[in-house]
Amino acid sequence: MRLRSATPEEVARWDTLVLGNPGGGDLLQSTFFAEQKRANGWVPRFMVYDGEPRIHALFLVKKVYGLGQLWYCPKGPGVDDAGILDAIADANADYARDHREVFLFKLEPEVPAGSPLPSSFIAVQPVQPNVHTIIVDLAPDEEEIFASFRQRGRRSVRKAEKQGITVEGRPATAETMELMYDLYRETAERGGFYLRDLDYYRHFWSSAAERGFGSFHFALRDDEPVAGIFVTRFGTKGLYKDGASSQAIGNTGAPYLLQWEVMKHLKSVGVTSYDLHTTPPPEAMEDKDHPSYGLGQFKSGFSNEIVSFVGTVDQPVRKLPYYLWERIGERVALSLSYRLRHRLFF
(Lines give C-alpha, C1' and ligand atoms only; values in the text may rest on other atoms or scores of the structure.)
Protein backbone atom coordinates (compact mmCIF):
# COMPACT_ATOMS: atom_id res chain seq x y z
CA MET A 1 0.00 0.00 0.00
CA ARG A 2 1.27 3.49 -0.91
CA LEU A 3 0.14 6.92 0.30
CA ARG A 4 -0.04 9.64 -2.34
CA SER A 5 -1.77 12.94 -3.07
CA ALA A 6 -5.12 12.71 -4.83
CA THR A 7 -5.22 13.81 -8.45
CA PRO A 8 -7.32 16.84 -9.46
CA GLU A 9 -9.86 14.43 -10.96
CA GLU A 10 -10.08 12.52 -7.67
CA VAL A 11 -10.48 15.73 -5.67
CA ALA A 12 -13.34 16.77 -7.98
CA ARG A 13 -15.14 13.50 -7.11
CA TRP A 14 -13.95 13.42 -3.49
CA ASP A 15 -17.19 12.97 -1.56
CA THR A 16 -18.33 10.17 -3.85
CA LEU A 17 -14.97 8.42 -3.46
CA VAL A 18 -15.06 8.78 0.34
CA LEU A 19 -18.53 7.23 0.43
CA GLY A 20 -17.01 4.25 -1.37
CA ASN A 21 -14.43 3.63 1.35
CA PRO A 22 -14.74 0.28 3.17
CA GLY A 23 -16.10 2.07 6.24
CA GLY A 24 -18.86 3.74 4.23
CA GLY A 25 -17.54 7.30 4.54
CA ASP A 26 -17.90 9.97 7.21
CA LEU A 27 -18.85 13.65 7.03
CA LEU A 28 -15.56 14.53 8.73
CA GLN A 29 -13.76 13.11 5.69
CA SER A 30 -15.73 15.25 3.22
CA THR A 31 -14.91 18.37 1.23
CA PHE A 32 -17.45 20.18 3.41
CA PHE A 33 -15.46 19.46 6.57
CA ALA A 34 -12.19 20.26 4.81
CA GLU A 35 -13.42 23.77 4.12
CA GLN A 36 -14.75 24.14 7.66
CA LYS A 37 -11.33 23.38 9.09
CA ARG A 38 -9.51 25.49 6.48
CA ALA A 39 -11.36 28.45 7.96
CA ASN A 40 -9.86 27.52 11.34
CA GLY A 41 -6.23 27.38 10.26
CA TRP A 42 -5.85 23.83 8.96
CA VAL A 43 -4.61 22.96 5.47
CA PRO A 44 -6.67 20.12 3.92
CA ARG A 45 -4.71 17.42 2.08
CA PHE A 46 -6.66 14.96 -0.01
CA MET A 47 -4.74 11.69 0.03
CA VAL A 48 -5.14 8.20 -1.38
CA TYR A 49 -3.91 4.87 -0.03
CA ASP A 50 -3.27 2.86 -3.18
CA GLY A 51 -3.72 -0.80 -2.44
CA GLU A 52 -6.38 -3.39 -1.84
CA PRO A 53 -8.71 -1.84 -0.91
CA ARG A 54 -8.06 1.72 -2.13
CA ILE A 55 -8.87 4.23 0.61
CA HIS A 56 -9.45 7.97 0.19
CA ALA A 57 -8.41 9.93 3.28
CA LEU A 58 -8.72 13.59 4.19
CA PHE A 59 -5.84 14.83 6.31
CA LEU A 60 -5.85 18.19 8.07
CA VAL A 61 -2.34 19.58 8.30
CA LYS A 62 -1.04 22.16 10.72
CA LYS A 63 2.53 23.36 11.23
CA VAL A 64 3.73 23.15 14.82
CA TYR A 65 6.59 25.60 15.08
CA GLY A 66 9.90 23.98 15.92
CA LEU A 67 8.55 20.45 15.46
CA GLY A 68 7.15 20.09 11.94
CA GLN A 69 3.81 19.15 10.45
CA LEU A 70 1.01 17.37 12.28
CA TRP A 71 -1.26 15.36 9.98
CA TYR A 72 -4.69 14.69 11.48
CA CYS A 73 -7.17 12.30 9.80
CA PRO A 74 -10.58 12.97 11.46
CA LYS A 75 -12.69 9.80 11.65
CA GLY A 76 -10.31 8.10 9.27
CA PRO A 77 -8.77 6.47 7.40
CA GLY A 78 -12.10 4.91 6.43
CA VAL A 79 -11.51 1.23 7.08
CA ASP A 80 -13.83 -1.43 8.47
CA ASP A 81 -11.16 -4.03 9.23
CA ALA A 82 -8.33 -3.49 11.72
CA GLY A 83 -6.24 -5.88 9.65
CA ILE A 84 -5.72 -3.12 7.06
CA LEU A 85 -4.09 -0.83 9.62
CA ASP A 86 -0.66 -2.48 9.40
CA ALA A 87 -0.49 -1.62 5.70
CA ILE A 88 -1.66 1.93 6.45
CA ALA A 89 0.99 2.35 9.14
CA ASP A 90 3.68 1.18 6.72
CA ALA A 91 2.42 3.52 4.00
CA ASN A 92 2.50 6.45 6.43
CA ALA A 93 6.06 5.61 7.48
CA ASP A 94 7.18 5.37 3.84
CA TYR A 95 5.55 8.70 3.04
CA ALA A 96 7.24 10.37 6.02
CA ARG A 97 10.66 9.13 4.88
CA ASP A 98 10.20 11.16 1.69
CA HIS A 99 8.52 14.10 3.46
CA ARG A 100 10.61 14.82 6.50
CA GLU A 101 8.53 17.82 7.49
CA VAL A 102 5.90 15.39 8.88
CA PHE A 103 6.48 14.39 12.51
CA LEU A 104 3.10 12.91 13.47
CA PHE A 105 0.08 11.19 11.95
CA LYS A 106 -2.98 11.42 14.22
CA LEU A 107 -5.62 8.90 13.12
CA GLU A 108 -9.17 7.89 14.10
CA PRO A 109 -10.02 4.62 12.33
CA GLU A 110 -13.52 3.48 13.23
CA VAL A 111 -12.66 -0.09 14.15
CA PRO A 112 -13.98 -1.78 17.30
CA ALA A 113 -12.32 -1.15 20.64
CA GLY A 114 -9.94 -3.97 21.50
CA SER A 115 -8.90 -4.52 17.89
CA PRO A 116 -5.19 -5.33 17.44
CA LEU A 117 -3.32 -2.20 16.35
CA PRO A 118 0.08 -1.71 14.70
CA SER A 119 2.95 -1.45 17.17
CA SER A 120 3.65 2.11 15.97
CA PHE A 121 0.19 3.31 17.06
CA ILE A 122 -0.18 4.95 20.47
CA ALA A 123 -3.63 5.38 22.04
CA VAL A 124 -4.14 9.03 23.12
CA GLN A 125 -6.86 11.35 24.36
CA PRO A 126 -9.73 11.27 21.84
CA VAL A 127 -10.24 14.31 19.63
CA GLN A 128 -13.76 13.41 18.47
CA PRO A 129 -16.06 12.61 21.39
CA ASN A 130 -18.04 9.63 20.08
CA VAL A 131 -15.53 6.90 20.94
CA HIS A 132 -18.39 5.28 22.88
CA THR A 133 -21.84 5.79 21.42
CA ILE A 134 -25.23 4.32 20.61
CA ILE A 135 -26.08 3.72 16.97
CA VAL A 136 -29.75 3.26 16.12
CA ASP A 137 -30.51 1.02 13.14
CA LEU A 138 -32.96 2.89 10.90
CA ALA A 139 -33.18 0.20 8.22
CA PRO A 140 -36.29 -1.59 9.63
CA ASP A 141 -39.76 -0.06 9.29
CA GLU A 142 -40.86 2.59 11.79
CA GLU A 143 -42.88 0.18 13.94
CA GLU A 144 -39.86 -2.11 14.35
CA ILE A 145 -37.56 0.80 15.16
CA PHE A 146 -39.94 2.15 17.82
CA ALA A 147 -40.42 -1.33 19.30
CA SER A 148 -36.63 -1.66 19.60
CA PHE A 149 -36.47 1.28 22.03
CA ARG A 150 -36.28 0.48 25.70
CA GLN A 151 -39.51 0.86 27.66
CA ARG A 152 -38.33 4.15 29.17
CA GLY A 153 -37.81 5.63 25.72
CA ARG A 154 -41.18 4.50 24.36
CA ARG A 155 -43.03 5.79 27.43
CA SER A 156 -41.29 9.16 27.18
CA VAL A 157 -42.24 9.57 23.52
CA ARG A 158 -45.88 8.80 24.31
CA LYS A 159 -45.83 11.11 27.33
CA ALA A 160 -44.59 14.02 25.20
CA GLU A 161 -47.31 13.37 22.63
CA LYS A 162 -50.01 13.34 25.33
CA GLN A 163 -48.68 16.62 26.76
CA GLY A 164 -49.02 18.33 23.40
CA ILE A 165 -45.33 18.59 22.54
CA THR A 166 -44.88 19.09 18.81
CA VAL A 167 -41.79 18.85 16.59
CA GLU A 168 -40.94 20.88 13.53
CA GLY A 169 -38.01 21.39 11.18
CA ARG A 170 -36.82 24.91 10.48
CA PRO A 171 -34.59 26.35 7.74
CA ALA A 172 -31.08 27.49 8.62
CA THR A 173 -31.90 31.19 8.77
CA ALA A 174 -30.10 33.69 10.99
CA GLU A 175 -33.09 33.63 13.34
CA THR A 176 -33.02 29.81 13.60
CA MET A 177 -29.29 29.75 14.27
CA GLU A 178 -29.56 32.41 16.97
CA LEU A 179 -32.40 30.45 18.59
CA MET A 180 -30.34 27.26 18.55
CA TYR A 181 -27.28 29.03 19.93
CA ASP A 182 -29.32 30.60 22.76
CA LEU A 183 -30.57 27.13 23.74
CA TYR A 184 -27.05 25.76 23.40
CA ARG A 185 -25.61 28.51 25.61
CA GLU A 186 -28.22 27.83 28.29
CA THR A 187 -27.38 24.12 28.13
CA ALA A 188 -23.63 24.85 28.36
CA GLU A 189 -24.14 27.05 31.40
CA ARG A 190 -26.10 24.28 33.13
CA GLY A 191 -23.67 21.56 32.11
CA GLY A 192 -20.48 23.53 32.59
CA PHE A 193 -18.95 22.67 29.21
CA TYR A 194 -17.06 24.83 26.71
CA LEU A 195 -19.08 26.39 23.90
CA ARG A 196 -17.44 27.72 20.74
CA ASP A 197 -18.48 31.20 19.57
CA LEU A 198 -21.58 31.80 17.46
CA ASP A 199 -19.57 32.50 14.30
CA TYR A 200 -18.12 28.98 14.37
CA TYR A 201 -21.53 27.36 14.66
CA ARG A 202 -23.16 29.76 12.20
CA HIS A 203 -20.55 28.86 9.58
CA PHE A 204 -20.86 25.13 10.24
CA TRP A 205 -24.67 25.00 10.43
CA SER A 206 -25.35 27.21 7.41
CA SER A 207 -22.77 25.48 5.21
CA ALA A 208 -23.98 21.99 6.15
CA ALA A 209 -27.61 22.90 5.57
CA GLU A 210 -26.84 24.58 2.25
CA ARG A 211 -25.13 21.41 0.98
CA GLY A 212 -27.87 19.11 2.24
CA PHE A 213 -25.69 17.68 5.02
CA GLY A 214 -27.62 19.05 8.01
CA SER A 215 -30.95 20.28 9.31
CA PHE A 216 -32.55 21.91 12.37
CA HIS A 217 -35.39 20.33 14.36
CA PHE A 218 -37.14 21.77 17.41
CA ALA A 219 -39.53 20.52 20.08
CA LEU A 220 -42.22 23.05 20.96
CA ARG A 221 -44.23 23.42 24.14
CA ASP A 222 -47.19 25.78 23.83
CA ASP A 223 -45.68 26.86 20.50
CA GLU A 224 -42.39 27.88 22.15
CA PRO A 225 -39.15 26.03 21.26
CA VAL A 226 -37.84 24.23 24.34
CA ALA A 227 -35.29 21.89 22.71
CA GLY A 228 -33.36 21.81 19.47
CA ILE A 229 -31.19 19.47 17.43
CA PHE A 230 -28.88 20.02 14.52
CA VAL A 231 -28.49 16.65 12.83
CA THR A 232 -26.02 15.84 10.05
CA ARG A 233 -26.10 13.17 7.39
CA PHE A 234 -23.58 11.86 4.90
CA GLY A 235 -24.50 8.96 2.67
CA THR A 236 -26.49 6.52 4.79
CA LYS A 237 -25.10 7.78 8.13
CA GLY A 238 -26.81 10.29 10.41
CA LEU A 239 -25.26 11.99 13.44
CA TYR A 240 -26.78 13.80 16.42
CA LYS A 241 -24.33 16.68 16.02
CA ASP A 242 -25.66 19.38 18.37
CA GLY A 243 -28.45 19.30 20.91
CA ALA A 244 -29.74 21.84 23.42
CA SER A 245 -32.73 22.57 25.64
CA SER A 246 -34.15 25.18 27.99
CA GLN A 247 -35.30 24.64 31.56
CA ALA A 248 -38.83 25.26 30.31
CA ILE A 249 -38.75 21.76 28.88
CA GLY A 250 -39.79 20.35 32.25
CA ASN A 251 -40.50 16.64 32.70
CA THR A 252 -42.39 16.35 29.43
CA GLY A 253 -40.43 13.72 27.53
CA ALA A 254 -39.88 16.29 24.75
CA PRO A 255 -36.25 15.29 24.02
CA TYR A 256 -37.35 11.72 23.34
CA LEU A 257 -40.11 12.77 20.96
CA LEU A 258 -37.70 15.17 19.24
CA GLN A 259 -35.18 12.38 18.66
CA TRP A 260 -37.88 10.02 17.41
CA GLU A 261 -39.16 12.57 14.88
CA VAL A 262 -35.58 13.24 13.75
CA MET A 263 -35.07 9.51 13.23
CA LYS A 264 -38.18 9.35 11.09
CA HIS A 265 -36.94 12.33 9.07
CA LEU A 266 -33.53 10.75 8.54
CA LYS A 267 -35.08 7.47 7.49
CA SER A 268 -37.22 9.30 4.93
CA VAL A 269 -34.10 10.69 3.22
CA GLY A 270 -32.26 7.37 3.03
CA VAL A 271 -30.28 7.27 6.27
CA THR A 272 -29.98 3.75 7.70
CA SER A 273 -27.91 4.35 10.87
CA TYR A 274 -28.11 7.16 13.43
CA ASP A 275 -25.19 7.86 15.75
CA LEU A 276 -26.38 9.40 19.03
CA HIS A 277 -22.89 10.84 19.58
CA THR A 278 -21.22 10.10 22.91
CA THR A 279 -22.01 7.99 25.95
CA PRO A 280 -19.85 6.77 28.81
CA PRO A 281 -18.04 3.49 28.14
CA PRO A 282 -20.20 0.41 28.84
CA GLU A 283 -18.64 -0.22 32.23
CA ALA A 284 -19.36 3.37 33.36
CA MET A 285 -22.96 3.76 32.22
CA GLU A 286 -24.22 3.66 35.82
CA ASP A 287 -21.38 5.78 37.23
CA LYS A 288 -23.07 8.99 38.35
CA ASP A 289 -19.68 10.73 38.59
CA HIS A 290 -18.89 10.19 34.92
CA PRO A 291 -19.09 13.51 32.99
CA SER A 292 -21.32 11.91 30.34
CA TYR A 293 -23.60 10.10 32.80
CA GLY A 294 -26.65 12.25 32.03
CA LEU A 295 -26.16 11.89 28.28
CA GLY A 296 -25.79 8.15 28.65
CA GLN A 297 -28.98 7.83 30.68
CA PHE A 298 -30.96 9.78 28.10
CA LYS A 299 -29.57 8.04 25.02
CA SER A 300 -29.84 4.57 26.52
CA GLY A 301 -33.62 5.06 26.37
CA PHE A 302 -33.26 4.17 22.70
CA SER A 303 -30.89 1.23 23.14
CA ASN A 304 -28.65 -0.27 25.81
CA GLU A 305 -26.09 -1.47 23.26
CA ILE A 306 -22.96 0.70 23.47
CA VAL A 307 -20.68 0.72 20.43
CA SER A 308 -17.03 1.41 21.27
CA PHE A 309 -14.23 2.30 18.86
CA VAL A 310 -10.45 2.41 19.31
CA GLY A 311 -10.58 6.22 19.32
CA THR A 312 -7.66 8.49 18.47
CA VAL A 313 -4.18 7.07 17.94
CA ASP A 314 -0.84 8.75 17.29
CA GLN A 315 1.69 7.37 14.83
CA PRO A 316 4.91 9.28 15.50
CA VAL A 317 7.30 9.35 12.56
CA ARG A 318 9.98 11.63 14.12
CA LYS A 319 11.06 10.60 17.60
CA LEU A 320 12.46 13.83 19.02
CA PRO A 321 9.71 16.16 17.73
CA TYR A 322 7.08 13.74 19.01
CA TYR A 323 8.80 13.48 22.39
CA LEU A 324 8.68 17.28 22.67
CA TRP A 325 5.07 17.36 21.43
CA GLU A 326 3.99 14.77 23.97
CA ARG A 327 5.86 16.33 26.90
CA ILE A 328 4.96 19.98 26.39
CA GLY A 329 4.13 20.92 22.78
CA GLU A 330 0.55 19.70 22.71
CA ARG A 331 -0.36 21.39 25.99
CA VAL A 332 1.16 24.67 24.81
CA ALA A 333 -0.57 24.46 21.40
CA LEU A 334 -3.97 23.78 22.96
CA SER A 335 -3.53 26.52 25.54
CA LEU A 336 -2.36 29.18 23.07
CA SER A 337 -5.14 28.35 20.61
CA TYR A 338 -7.72 28.89 23.33
CA ARG A 339 -6.14 31.95 24.92
CA LEU A 340 -5.05 33.81 21.77
CA ARG A 341 -7.63 32.74 19.20
CA HIS A 342 -10.51 31.74 21.49
CA ARG A 343 -10.89 28.45 19.62
CA LEU A 344 -10.09 24.81 20.16
CA PHE A 345 -6.89 23.55 18.52
CA PHE A 346 -8.50 20.54 16.83
Scan the side chains in residues 111-120 for donor-acceptor partners under 3.5 Å anywhere in the protein, sequence neighbours excluded, and list what turns up.
from: Ser115; atom 1: OG; to: Pro112; atom 2: O; distance (Å): 2.6

Mind checking the [atom1]-[atom2] spacing from [X] to [Y]? Nearest 0.5 Å is all I need.
X      : Y      : atom1 : atom2 : value
Arg54  : Asn21  : CZ    : CG    : 11.0 Å
Arg202 : Met177 : CZ    : CE    : 6.5 Å
Ser215 : Arg170 : OG    : CZ    : 13.5 Å

**Asked** Is the count of non-hydrogen atoms from other residues, nucleotides or ligands lying under 6.0 Å from Gln163 atom CD greater than 12?
**Response** yes
**Message:** Taking the six-membered ring for Trp, are Trp71 and Phe103 closer than 6.0 Å centroid to centroid?
**Reply:** no
Can we say [X] and [Y] salt-bridge, meaning some charged N sits less than 4.0 Å from an Asp/Glu carboxylate O?
X      : Y      : result
Glu161 : Arg158 : no
Arg13  : Glu9   : no
Arg211 : Asp15  : yes
Arg4   : Glu10  : yes
Glu261 : Lys264 : yes

Could you pull out every donor-acceptor pair under 3.5 Å between side chains of residues 128-140 and any protein atom, sequence neighbours left out?
from: Gln128; atom 1: NE2; to: Tyr72; atom 2: OH; distance (Å): 3.0
from: Asn130; atom 1: OD1; to: Lys75; atom 2: NZ; distance (Å): 3.1
from: Asn130; atom 1: ND2; to: Asp275; atom 2: OD2; distance (Å): 2.9
from: His132; atom 1: ND1; to: Ser308; atom 2: OG; distance (Å): 2.7
from: Thr133; atom 1: OG1; to: Asp275; atom 2: OD1; distance (Å): 2.5
from: Thr133; atom 1: OG1; to: His277; atom 2: N; distance (Å): 3.0
from: Asp137; atom 1: OD1; to: Ala139; atom 2: N; distance (Å): 2.9

Geometric class of the [Y]/[X] ring pair [parallel <30°, tilted 30-60°, perpendicular >60°]:
X      : Y      : value
His265 : His217 : tilted
Phe302 : Phe298 : perpendicular
Tyr181 : Tyr201 : tilted

**Thr252-Arg221 side chain donor-acceptor pair, cut-off 3.5 Å** = no
**Contact check, side chains of Thr279 and Met285, non-hydrogen atoms, under 4.5 Å** = yes
**Request:** State, with a plain yes or no, whether a side-chain heavy atom of Met263 is found less than 4.5 Å away from one of Phe149.
**Result:** yes
**Sole residue of Phe105, Tyr95, Tyr322 in side chain to side chain contact (heavy atoms under 4.5 Å, CB included) with Val317** = Phe105
**Item:** Common cluster, Leu70/Leu3, ILVMFWY with side-chain heavy-atom separation under 4.5 Å
**Value:** no
